[in-house]
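Accompanying notes for the structure given below.
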Protein chains: 2
Amino acid sequence: MGVAASVFVVDDDPSVRKSLTRLIESAGYIVEAFASARDFLKAATAGRPCCLVLDVRMPGMTGLDLQRTLAQAVHRIPIVFVTGQGDIPMTVTAMKAGAVDFLTKPFAARDLLDAVQRAVEKDTRNLGTEARSRSLHARVKTLTPRERQVFALVVTGMLNKQIAAQLNVVEKTVKVHRARVMDKMRAGSFAELVRLADAAGVIVAQT
Amino acid sequence: MGVAASVFVVDDDPSVRKSLTRLIESAGYIVEAFASARDFLKAATAGRPCCLVLDVRMPGMTGLDLQRTLAQAVHRIPIVFVTGQGDIPMTVTAMKAGAVDFLTKPFAARDLLDAVQRAVEKDTRNLGTEARSRSLHARVKTLTPRERQVFALVVTGMLNKQIAAQLNVVEKTVKVHRARVMDKMRAGSFAELVRLADAAGVIVAQT
DNA sequence: GCGGCTATTGGACCTTGGGGTGGTACGAAA
DNA sequence: TTTCGTACCACCCCAAGGTCCAATAGCCGC
């Protein structure tokens, strides 16, 4: 299973919290349990791969409310829902919003642990892509406005002289900017620069 | 809503078929109804954006069985499930397998039509990417084995001379292959070639 | 306000890399 | 026998990119 992963359990029923905690800990995870969505939001931080095991029905903020709230956060924690009384519309809402699984009590211990594993794996992947995108954005931020323009035009495949004409400067100037872009973006080749641009572009589009 | 879209309705209950058909036709879709999954598999072809409105519980092949079967097909038709008696595990299975929505009867006409619209939009996007990937693969197929090798190495950002060394040929030979690759792949620039390679690579990885 | 800093621009010069033309060659497949 | 895939040569052009140098404008801090 690789690195230690955290699993957050949120359930208003103390006995359920206790049994879920015991079960998940037995599989080697670091478990933190919370009695309500608000407690979780106040206290939870992971800094490592994690996931959330969440009761749908709770007094105050429900599981679906919490899911909606977390959907706006930077780091989207994968959620495994667990519920005693659920209905189909609720299930559909949760799944459409990206829940990893939705289990009804009583469920097999195996099923829960499988879902948790999938959720943690998903989070591990997410953390990886997030880290990459952060480092990419950090590099893009170091570009000056002009460099950014040249960057954008260069990766479309335009020639330096065409870019120069478009920006009303001489070719030499474009070459200078271009070289700085390669340097600041830490691209070892033009092919790599194109890939960095596409990756950065996708992120911008998502945001 | 753009182009005409087909909606396939599969339900074993004739009266439900009839009312679903009427409802969906009223929204401007071309509806074809089938009494069973097998009938649908035998007869249905669209050639235009489409989706599937599917009853979960049916004698013989169930809705979930049909979903599994279709998942292996080339063209993944988006599915909207509709059911009288469903349960949560069934819903979760359907949603995890990519269903667009899962409605329980009785449902609001508006909800069904919204789901159908989302499903058709999804299919339109899918058809677009499929068409692009087919044309891309067609172009890759015209490459000779050697050209493919050069293609693969070129888009990593390697220099011609490095590629030449790796393939034990002279640099000029690499240049010739490279030029042919640009030509056959119809890439107007090196940047475009890199993007084509990545797009083709993703498709290969998916397959 | 002055010096230092950054962003931007530009010139002269040279090397290297990518790419095209025209021609040659050879083995395998059709 | 012709076509195709592969490989190579000589020659040339242009694009990319580096070196060294220089100028202008705006901003910051002292």
Side-chain angles (χ1 to χ4, degrees), chain A residues 134-201 203-204, chain B residues 134-201 203-204:
Chain A
R134 257 196 308 279
S135 117
L136 194 52
H137 271 288
R139 279 177 270 174
V140 171
K141 263 202 314 205
T142 68
L143 297 179
T144 67
R146 207 48 158 175
E147 283 163 1
R148 235 165 290 203
Q149 287 182 344
V150 172
F151 183 25
L153 295 175
V154 152
V155 296
T156 66
M158 282 171 77
L159 299 181
N160 286 342
K161 63 163 65 168
Q162 296 173 316
I163 298 169
Q166 183 151 338
L167 298 179
N168 279 310
V169 292
V170 279
E171 193 182 338
K172 180 66 226 276
T173 304
V174 174
K175 287 188 182 184
V176 172
H177 289 316
R178 182 176 185 145
R180 276 202 229 288
V181 169
M182 289 292 288
D183 195 45
K184 289 186 178 179
M185 295 301 294
R186 260 167 269 160
S189 66
F190 180 61
E192 205 179 325
L193 190 71
V194 171
R195 294 200 174 90
L196 290 174
D198 286 1
I203 293 154
V204 170
Chain B
R134 257 197 307 280
S135 118
L136 194 52
H137 272 286
R139 279 177 269 173
V140 171
K141 262 201 315 204
T142 67
L143 298 179
T144 67
R146 205 51 157 174
E147 284 163 0
R148 234 163 292 200
Q149 287 182 343
V150 172
F151 184 26
L153 295 175
V154 151
V155 295
T156 65
M158 281 171 80
L159 300 181
N160 286 342
K161 65 164 64 167
Q162 296 173 318
I163 298 170
Q166 183 151 339
L167 299 180
N168 279 311
V169 292
V170 167
E171 189 182 342
K172 183 67 233 262
T173 304
V174 174
K175 287 189 181 184
V176 172
H177 289 316
R178 181 177 186 144
R180 276 203 227 290
V181 169
M182 289 291 289
D183 196 45
K184 289 185 178 178
M185 295 301 292
R186 259 168 270 159
S189 64
F190 180 62
E192 206 180 323
L193 190 72
V194 171
R195 294 201 174 89
L196 290 174
D198 287 0
I203 293 152
V204 170

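Proteins come first, then strands; the chains are lettered A, B, ... in the order of their sequence lines, and each starts at number 1. Excluded from the calculations below are hydrogen atoms, water molecules and symmetry mates; all remaining heavy atoms, backbone and side chain alike, are included.
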Axis bend over the full length of the helix from C/dG1-D/dC30 to C/dA30-D/dT1, computed from five pairs that close each end, to 10 degrees:
40°
Heavy-atom nearest nucleotide on DNA chain C for A/Lys184 versus A/Asn168: which residue maps closer to 5'?
A/Lys184
Close N/O contacts between protein and nucleotides 20-23 of chain C (under 3.5 Å):
{"from": "C/dT21", "atom 1": "O4", "to": "B/Lys172", "atom 2": "NZ", "distance (Å)": "2.7"}

Using heavy-atom distances to pick each residue's nearest nucleotide on DNA chain D, tell me which of B/Arg180 and A/Phe190 is more 5'.
B/Arg180
Please give, in whole Å, the distance from C/dG18 P to B/Glu171 CD?
7 Å
Which residues, if any, of residues 155-164 of chain A bring a heavy atom under 4.0 Å of DNA chain D?
A/Leu159, A/Asn160, A/Lys161
If you check every side-chain atom of A/Thr173, which of C/dG10, C/dT8, D/dA16 has the closest atom?
C/dG10
Under 3.5 Å, is there a donor-acceptor pair between the side chain of B/Glu147 and the main chain of B/Thr144?
yes
Return yes if some donor-acceptor pair links the side-chain N/O of A/Lys161 with the main-chain N/O of A/Glu171 below 3.5 Å, else return no.
no
Taking the nucleotide of DNA chain D with the closest heavy atom to each, which residue, B/Thr142 or B/Val169, is nearer the 5' end?
B/Thr142
Is it true that atom CZ of A/Arg139 has more than 12 heavy atoms of other residues, nucleotides or ligands lying nearer than 6.0 Å?
yes
Counting N and O atoms only, with roles assigned by atom type, does the side chain of A/Gln166 sit under 3.5 Å from a partner on the main chain of A/Gln162, one being a donor and the other an acceptor?
no
Closest approach to the side chain of B/His177, judged atom by atom: which nucleotide of D/dT6, C/dG19, D/dA16 is it?
D/dT6
